[in-house]
Amino acid sequence: MTAFTVAVGFGVAAAVGTLLRWRASTTLGPGGTLIVNIAGACALGLLASTAGAAATIVGTAGLGALTTVSGILSESARLSRASPLLALGYVSLTITGATAAAFVGLSLT
């Protein structure tokens with residue numbers, strides 16, 4: 001792949017990942033952010049054994065834009081207004097769920 005192809009692919013993958021995360025979070029609220037973070041962690045686990053520009057583009061740009069700490073933080077801040085305990089549970093579920101999903105992805109490769 002040429003540098004230009006990688007750059008364009010990176011931009012497209014990042015845009016797609018961002019739009020998918022935005023759509024999930026606006027449609028499903030905190031649950032949407034939780035789902036994309038767990039699914040993205042599993043996909044990153046699956047990609048861990050691959051190499052090359054395509055894996056870098058998909059993993060870093062696409063899945064990096066899909067999964068985001070800022071989404072977790074904004075959702076947990078919103079939830080903490082209703083209940084700090086609910087926000088703590090959300091963050092804990094996100095971290096443990098994403099970690100478990102990454103291990104599943106790794107084990108499938």
ask   = Would you say the side chains of Thr2 and Thr5 form a donor-acceptor pair under 3.5 Å?
value =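 The answer is yes; a qualifying pair exists.
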Are [Y] and [X] connected in a single hydrophobic cluster, I mean Ile/Leu/Val/Met/Phe/Trp/Tyr linked by side-chain heavy atoms less than 4.5 Å apart?
{"X": "Val16", "Y": "Leu19", "answer": "no"}
{"X": "Val58", "Y": "Phe4", "answer": "yes"}
{"X": "Ile35", "Y": "Ile38", "answer": "no"}
{"X": "Leu20", "Y": "Val12", "answer": "yes"}
{"X": "Trp22", "Y": "Ile72", "answer": "no"}

Give a yes or no on whether the backbone of [Y] and the side-chain of [X] come within a donor-acceptor separation of less than 3.5 Å.
{"X": "Ser74", "Y": "Gly71", "result": "yes"}
{"X": "Thr50", "Y": "Leu47", "result": "yes"}
{"X": "Tyr90", "Y": "Pro30", "result": "yes"}

Interatomic spacing from CG in Leu46 to CG in Leu63 - rounded to 0.5 Å =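 Rounded to the nearest 0.5 Å, the CG-CG separation comes out at 9.5 Å.
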Considering all heavy atoms, the nearest [X]-[Y] contact:
{"X": "Ala98", "Y": "Asn37", "value": "CB-O, 4.1 Å"}
{"X": "Ser76", "Y": "Val91", "value": "CB-CG2, 3.6 Å"}
{"X": "Arg21", "Y": "Leu66", "value": "CD-O, 3.0 Å"}
{"X": "Phe10", "Y": "Ala61", "value": "O-CB, 3.3 Å"}
{"X": "Glu75", "Y": "Ser25", "value": "OE2-CB, 3.9 Å"}
{"X": "Thr109", "Y": "Ser49", "value": "CB-OG, 3.5 Å"}

key: Any Leu86 side-chain heavy atom under 4.5 Å of Ser80 side chain   =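 No, too far: nothing below the 4.5 Å cut-off.
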inquiry  = Are the side chains of Thr67 and Val36 in contact, using a 4.5 Å heavy-atom criterion?
reply    =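 A side-chain contact is absent here, since even the closest heavy-atom pair is not under 4.5 Å.
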message = Does atom CG (Leu108) have a neighbourhood of more than 12 heavy atoms from anything else shown, all under 6.0 Å?
response =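 Result for CG/Leu108: enclosed.
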